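Numbers restart at 1 for each chain; the letters A, B, ... are given by sequence-line order, proteins then strands. Computed over heavy atoms, backbone and side chain alike; hydrogens, waters and symmetry mates excluded. Bear in mind that the values here come from a model prediction, so they are computed numbers and not experimental data.
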Number of protein chains: 2
Amino acid sequence: MDAAELLHKHNLKKTSPRVAIIEALQSAKSPMSEAEISKLMGNHYERTTFYRSAQTLEEAGLLHKIVVDKLQVRYALNVGRSLHTVRTAHAHFYCNSCHELICLEHIHPGPYRLPAGFQSQESEVIIKGLCDKCTL
Amino acid sequence: MDAAELLHKHNLKKTSPRVAIIEALQSAKSPMSEAEISKLMGNHYERTTFYRSAQTLEEAGLLHKIVVDKLQVRYALNVGRSLHTVRTAHAHFYCNSCHELICLEHIHPGPYRLPAGFQSQESEVIIKGLCDKCTL
DNA sequence: TCTACATTTGCAACATTGTTGCAATAACAT
DNA sequence: ATGTTATTGCAACAATGTTGCAAATGTAGA
Ligand SMILES: [Mn+2]
Ligand SMILES: [Mn+2]
Ligand SMILES: [Zn+2]
Ligand SMILES: [Zn+2]
């Protein structure tokens with residue numbers, strides 16, 4: 001599914017920055033930071049525009065944001081290059097050595113036994129360690 | 001256990017900022033941000049000093065840092081006001097309404113089934129929702 | 001108690017990520 | 001093709017954190 005189609009299906013206007021962001025993310029195998037995406041887009045668009053577009057796309061369910069750490073925020077599409085997969089909540093793996101971030105779609109967080117009166121709405125799991133390329 | 005004792009036991013020099021940070025955190029019931037801690041200390045110390053002290057204390061195992069989200073980082077002591085509890089990895093709960101952060105020491109993350117070749121070193125679990133005071 | 005030395009602090013400058021207001025521009029329904 | 005509305009670009013600002021370096025401080029040992 002291409003960018004234009006995705007935007008149309010979600011009732012979002014087809015604008016250049018949005019298309020560029022989607023295409024940048026589709027061309028990557030792993031989630032990217034704003035800086036990486038911007039560079040891939042040739043620094044054509046304002047950072048402001050990126051953040052606003054990312055929020056719109058996130059609200060539309062087209063992408064998700066992963067906060068690895070402060071100063072390490074990455075963005076990933078919820079839809080594959082070809083399929084219309086709506087991804088469910090999943091864990092993420094961050095390699096302490098090569099800093100690659102990987103969506104672990106087979107690991108679903110929870111359920112958790114919360115104290116009485118607590119109500120869970122979302123949860124995030126980040127596993128840090130060494131990826132297959134970095135283990136000796 | 002008081003601040004001086006804690007620092008001494010961990011071979012750290014007893015300096016005013018460190019003592020103040022420890023006492024600020026001991027006086028709080030939940031993890032605090034740098035801004036909150038600084039305010040509680042009467043804005044006596046440089047932010048730079050806070051970050052360096054926090055890192056030292058973290059490396060010594062005296063405190064842990066929780067990254068709720070970008071622009072929402074909190075710090076908490078690993079030792080209670082009186083006991084010498086060395087806390088193990090645990091999940092955190094963030095209330096989307098009152099923004100309080102709670103250490104859920106009874107919820108231990110993992111173990112996770114990682115893809116072949118992946119090695120886990122640490123993991124973080126943040127559950128977001130409504131706390132007992134904010135559920136209707 | 002004093003001294004010397006290594007550690008820590010404070011200050012200034014800078015980096016990164018993200019937000020807000022507002023005018024100019026672009027998208028799209030008609 | 002035009003009008004209406006959403007979106008963009010720009011500028012300014014905010015929050016959190018980092019680095020280099022000189023001055024101050026803590027502490028071990030004399
Ligand atoms: Mn993911
Ligand atoms: Mn905790
Ligand atoms: Zn790696
Ligand atoms: Zn609450």
Side-chain angles (χ1 to χ4, degrees), chain A residues 2-22 24 31-60 62-76 94 99 101, chain B residues 2-22 24 31-60 62-76 94 99 101:
Chain A
D2 73 341
E5 212 175 332
L6 280 175
L7 288 169
H8 190 75
K9 278 207 179 170
H10 288 80
N11 292 313
L12 298 174
K13 285 188 185 170
K14 178 199 165 209
T15 68
S16 329
R18 289 176 184 172
V19 170
I21 291 170
I22 291 174
M32 291 189 291
S33 65
E34 180 276 322
E36 290 166 329
I37 295 169
S38 178
K39 193 180 169 193
L40 224 164
M41 301 194 305
N43 296 107
H44 279 335
Y45 306 107
E46 273 295 305
R47 286 188 321 107
T48 313
T49 300
F50 171 86
Y51 291 117
R52 281 193 280 225
S53 300
Q55 195 182 334
T56 303
L57 296 176
E58 187 175 20
E59 280 164 7
L62 277 172
L63 64 74
H64 65 283
K65 198 166 83 175
I66 306 111
V67 179
V68 178
D69 210 333
K70 195 143 204 315
L71 310 190
Q72 286 289 335
V73 180
R74 312 263 176 108
Y75 302 83
Y94 177 77
H99 310 298
L101 184 68
Chain B
D2 73 342
E5 212 174 332
L6 280 175
L7 289 169
H8 190 75
K9 278 207 180 171
H10 289 80
N11 291 315
L12 298 174
K13 285 190 186 171
K14 178 199 166 208
T15 68
S16 328
R18 290 174 183 172
V19 170
I21 291 170
I22 291 174
M32 290 188 292
S33 66
E34 180 278 323
E36 290 167 328
I37 295 169
S38 178
K39 193 179 170 194
L40 224 164
M41 301 194 305
N43 296 108
H44 278 336
Y45 306 106
E46 273 295 303
R47 284 187 324 105
T48 313
T49 300
F50 171 85
Y51 291 116
R52 282 194 278 225
S53 301
Q55 194 182 335
T56 302
L57 296 176
E58 187 175 22
E59 280 164 9
L62 276 171
L63 63 73
H64 65 282
K65 197 166 83 175
I66 306 109
V67 179
V68 178
D69 210 332
K70 189 130 209 321
L71 310 188
Q72 286 288 333
V73 180
R74 311 265 175 106
Y75 302 83
Y94 177 76
H99 309 298
L101 183 68

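Within a 6.0 Å sphere centred on CD of E5(A), other residues, nucleotides and ligands contribute more than 12 heavy atoms.
Rounded to an integer number of Å, the gap from Y51(B) OH to dA13(C) P is 19 Å. Following rounding to the nearest Å, I37(A) (CD1) and dT16(C) (C1') show an atom-to-atom distance of 15 Å. Atom CD of E58(B) is separated from atom P of dT18(D) by 11 Å (rounded to the nearest Å). Taking atom OH of Y75(A) as the reference point, atom P of dT17(C) lies 9 Å away to the nearest angstrom. Atom CD in E34(A) sits roughly 16 Å away from atom P in dA15(C) (whole-Å rounding). Between the CD1 atom of I66(B) and the C1' atom of dT16(D) there is a distance of 16 Å, rounded to whole Å.
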Problem set entry | Nucleic acid footprint by protein, nucleotides 6-12 of chain C - heavy-atom cut-off 4.0 Å, B for base, S for sugar-phosphate alone | BSSBBBB

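For the pair H10(B) (side chain) and L6(B) (backbone), a donor-acceptor distance under 3.5 Å is present. With hydrogens and angles ignored, the 3.5 Å screen pairs a side-chain donor or acceptor of S53(A) with a backbone N or O of T49(A).
In this structure, the side chains of Y94(A) and H99(A) come closer than 4.5 Å at one or more pairs of heavy atoms.
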Expected rows: protein N/O vs nucleotides 28-30 of chain D N/O, under 3.5 Å:
none

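Going from atom OH of Y75(B) over to atom CD1 of I37(B) covers 7.5 Å, rounded to the nearest 0.5 Å. Expressed to the nearest 0.5 Å, how far CZ of R18(A) lies from CZ of R52(A) amounts to 11.0 Å. Note that CZ of R74(B) is 5.5 Å distant from CD of E36(B), once rounded to the nearest 0.5 Å. Atom CG of D2(B) is separated from atom CG of L7(B) by 9.0 Å, given to the nearest 0.5 angstrom.
The heavy-atom pair separating M41(A) from A24(A) by the smallest distance is CG-CB, 4.2 Å. Nearest heavy atoms, A3(A) versus V19(A): CB-CG1, 3.9 Å. The minimum heavy-atom distance between L63(A) and A54(A), with the atom names listed, is CD1-O, 3.8 Å.
For R47(B) and K14(A), each mapped to the nucleotide of DNA chain C holding its nearest heavy atom, the one lying further toward the 5' end belongs to R47(B).
Inter-axis angle, ends of the helix from dT1(C)-dA30(D) to dT30(C)-dA1(D), five pairs per end, rounded to 10 degrees: 30°.
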